[in-house]
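Proteins get letters first, then strands, A, B, ... in listed order; numbering begins at 1 in each.
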Amino acid sequence: MSEVTNSGTKAESSKVAAFVRREIGRVTALASLVVIFTFFTVMRPVFASWANVSGGILMSTTVIGLMAIGVTFVIITGGIDLSVGTSMALVAVITGKTVMAMHLNVWSGILVGVIVGTILGSINGLLITILKLPPFIATLATMKGAQGLALITSDLKPVLFTTDVKGWDSIAQGNIIPNFPNAVLILLVSAIVASIILNKTVLGRYTFAIGSNTEATKLSGVKVDRWLVAVYALCGFFVGLAAVVMTSRLGSAQPDLGLGYELEAIAAVIIGGTSLLGGKGTISGTIIGALIMSVLINGLRILELQQEWQYVVVGAVILLAVYGDNVRRRRSGDTSH
Amino acid sequence: MASNQLLSLSGVSKEFPGVKALNNVHFDLNDGEVHAIVGENGAGKSTLMKILSGIYKKDSGEIIYKGKPVNIPNPFEAQKLGIGIIHQELNLMPHLTVAENIFIGREDRFPGGIFLNNKKLISATVELLQELELNLNPNDIVGELTIAKQQMVEIAKAVSYRGSVIIMDEPTSSLTPAETDALFKIIRSLQAAGKGVVYISHRLEELEKITDRITVLRDGEYVQTLKTSETSIPEVISLMVGRKVAQDQRPENRVIGNEIVLRVEGLSDQNLLRDISFDLRKGEILGFAGLMGAGRTELARAIMGADPKTAGTITLHGNEVKIKQPSDAVAAGIGYLSEDRKRFGLLLNQDVTFNVILSSIPRFASKFGFLKVKSAAGITRDAIAQLRVRTPSERQFLKNLSGGNQQKVVIAKWLTRDCDVLIFDEPTRGIDVGAKDEIYRLLTKLAEEGKSIIMISSELPEVLRLSDRIAVMCDGRLTGIIENKDANQNVIMELATKFSESVTTAN
């Protein structure tokens, strides 16, 4: 778009400066990821082996990563979704039960998963827009509700359905690309699609607009409520996908697994530079954030650090990431927050 | 220029609970005309504009637009009719780019309606910006632009609706003279294109340059419509302030000593305040007058340490005090009574006692940190009696008291804290007329007892009635301090609109 700027070089250099300023969050996050990765590699060369990278780090990023993609949209609107963890458990259980009852094949099963996820997400959106509940409260309620319903529908037992469906285990474990787990491929494709939605579509534009200034967006003639429901539904879609991947990896639907995942997903989004106050954020940042967490956990485990300490380190990383973001913002004089 | 009537409002009234904001107001606008609406704070200008742009609904009256009576129930309808507004408080999405902001809700899409056509968006923006001769980059993030440039984005957005009427509410409040000239150029080109511009501004000297007619409102009532070429600024000012109750009470000539309690020297802040110096004497009420946005509240907050200063010293009883945060100011004996009592002054869900002792809790705490409930209640009962707070008991919740009585509780809080400098920001805002008198008497009594009072007020009769001296601010500067006996509304208004051409707004 250089035809826009009238004084070429000056505008170019200021554009570069603006780019660096805008992208510095992601650049630092990526740099931190590289530094952490290098550190563990130096300490234990086995850390960088493809077996560990793909089977250990990337694989363990998939479920949280998929949820975090959905949550990124929600957080950019200035909202929050606490229900993604237990919703994932509920989707897994419902999908398992449906697949068994209706003898569905793998594709139909996946479809059931994402549809149920999308419906759960829409419910959040409707609670927030129609009942005018704050997102924190609405999704806190659906988080507890989903947790209970997952346990009720499963009768407190894991739903063992995956062996009945041909190919269900290869959703996550198979290799369409040799040596590259399908689950990781799903995450990669999801990230690219989500990125396109966020940056190239009307939905993405309104996601940013709502988070930046809801009132102004409304006054500009945008039907804010309708788009908010779409954003929460989209988040639910990714939760459904995460549930499908999860059941494939575990070989069953675990009704009690998922609580706490929402906070890890939110942490990944925040570490990736998305503002909790809304208006700004990226999918690639979120993926980097999710990777930083799994690299840390994997690396610390290889260093045989006690699990208790792993939690402390992750906590410290979240503090550092958000504090760093604050400092940068204050320095660049961004007063929009 | 053949001028047809574009818009006409007649007999428009609007009432808010307890306030008649507009009473039977008339206004009309021709195509190709710039028509100013002027009036003091609270005259009803913004209410009228909000009715025109669909944010408020009128209670009665008629709006005729292009020859037909219309209803404007919401902002969308106003946009559809072709009435655009540039709000005084900027209504932009700071994280989005210039182009995204201008065309929000009307983005060009590729066939299918899902994907955005960014190329078209940019080219449409470039076209619009060139047409308006605005030097903006469509890809710049709005939140990173100066306020003046953000204002330009608002203007471009309003023009992009291609409506017939554009309302500008204080469009130059944050512009430098050069930027103001650029805006005037835009207005003239809009005018040449046959559009009608409603222009609201406190800067009266601008009206001579840009407007064709001026309508004066006062206290929600229509006063007069004048041709700009046939009037003068003094005439407009006298119409603005000439209220019937104007020349009312003045303070009795109190004798105030020479003891200086508070001295502010060379105070500036990052955005607005420029080199402000004044003294406050013991037992004095120093009124601060000025238009909205002149910087009076900002000054109070800077003195209190609530916002950072970039320069200036504050001296109390001859000793310089370092005030970095509000607790420093309170420790030094300065109390601030915010204009927004409910947000910054009171705990509405707590009782009177809790509110009265809030700033002095250590005094009512025993060695082990327990509150001395009895002594707190005793002090509060004394304060209730002294200030005549109408409450059944000291246990009453604040939310159940009237505005005037809530204000008295805030005053009791600072008296309990032993503050000897009190800054009142709009002390009677939201307080009904009867209770106002009581607050006035209370302020005078406090001054007589030796407290030093800074009183910020947008109501000139209030300033004239209470202040021993009156400081007038305009555009972040102190434009004069006058003795009460030398002051009248016209003198104050002149000082309050003394925008100096040489002063440029910070970028």
Side-chain angles (χ1 to χ4, degrees), chain A residues 1-7 10-12 14-15 17-19 21-23 76-78 193 196-224 226-227 230 274-275 277-282 329-330 332-337, chain B residues 53-55 74-80 85 87 89-110 112-119 121-123 125-127 129-130 135-147 150 154 157 160-161 270-271:
Chain A
M1 282 129 226
S2 48
E3 74 268 19
V4 168
T5 52
N6 26 27
S7 56
K10 198 182 153 207
E12 281 305 316
S14 80
K15 236 159 96 182
F19 174 82
R21 206 158 4 112
R22 204 169 317 143
E23 300 301 321
I76 292 175
T77 65
V193 171
I196 291 171
I197 295 175
L198 191 57
N199 296 306
K200 301 278 177 205
T201 70
V202 181
L203 175 61
R205 177 69 45 83
Y206 293 158
T207 303
F208 283 112
I210 292 168
S212 191
N213 186 343
T214 311
E215 209 40 48
T217 309
K218 226 179 254 175
L219 284 176
S220 305
V222 177
K223 297 203 162 71
V224 166
R226 206 185 286 175
W227 291 103
T274 296
S275 165
L277 299 162
K280 93 182 206 217
T282 58
R329 230 184 1 240
R330 245 174 282 149
S332 71
D334 177 359
T335 50
S336 54
H337 290 163
Chain B
S53 57
I55 296 170
N74 55 51
F76 307 141
E77 200 53 43
Q79 276 171 17
K80 267 203 338 227
I85 183 163
H87 294 277
E89 64 281 4
L90 294 171
N91 240 319
L92 297 167
M93 285 130 284
H95 301 86
L96 269 52
T97 66
V98 171
E100 288 166 356
N101 263 285
I102 291 175
F103 288 102
I104 184 78
R106 301 166 295 151
E107 298 74 7
D108 260 306
R109 304 170 185 193
F110 286 111
I114 292 173
F115 288 97
L116 298 161
N117 189 340
N118 266 323
K119 256 205 185 127
L121 174 74
I122 299 291
S123 64
T125 308
V126 171
E127 220 170 276
L129 294 176
Q130 270 169 1
N135 188 17
L136 288 169
N137 185 334
N139 292 306
D140 279 349
I141 302 287
V142 162
E144 294 170 1
L145 299 176
T146 60
I147 297 293
Q150 294 189 10
E154 276 275 22
K157 184 175 167 185
S160 76
Y161 283 99
Q270 211 172 353
N271 300 318

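Contacts of A:K218 with chain B are made by backbone atoms alone, with heavy-atom separations under 4.5 Å and no side-chain atom involved. For B:L92, the part lying under 4.5 angstrom from a heavy atom of chain A is the backbone only. Of the two parts of B:L121, only the side chain, counted from C-beta on, holds a non-hydrogen atom closer than 4.5 Å to a non-hydrogen atom of chain A. When heavy atoms are compared at a cutoff of 4.5 Å, B:F110 does not approach chain A at all.
Once rounded to the nearest 0.5 Å, the distance linking OG of A:S212 with CG of B:N101 reads 7.0 Å. Taken from CG in A:L203 to CZ in B:F115, the straight-line distance is 10.5 Å, to the nearest 0.5 Å. The distance from atom CD1 of B:I141 to atom NZ of A:K280, rounded to the nearest 0.5 Å, is 10.5 Å.
Heavy atoms only, all atoms of each residue included: B:M93 and A:A216 are closest at CE-CB, 4.2 Å. Taking each heavy atom of A:Y206 and B:E107 in turn, the nearest pair found is OH-OE1, 2.6 Å. The heavy-atom pair separating B:N91 from A:N213 by the smallest distance is OD1-ND2, 4.1 Å.
Checking side-chain atoms of A:S220 against main-chain N and O of B:G105 turns up no donor-acceptor pair under 3.5 Å.
Put simply, the side chain of A:R205 reaches to within 4.5 Å of the side chain of B:N118, judged on heavy atoms.
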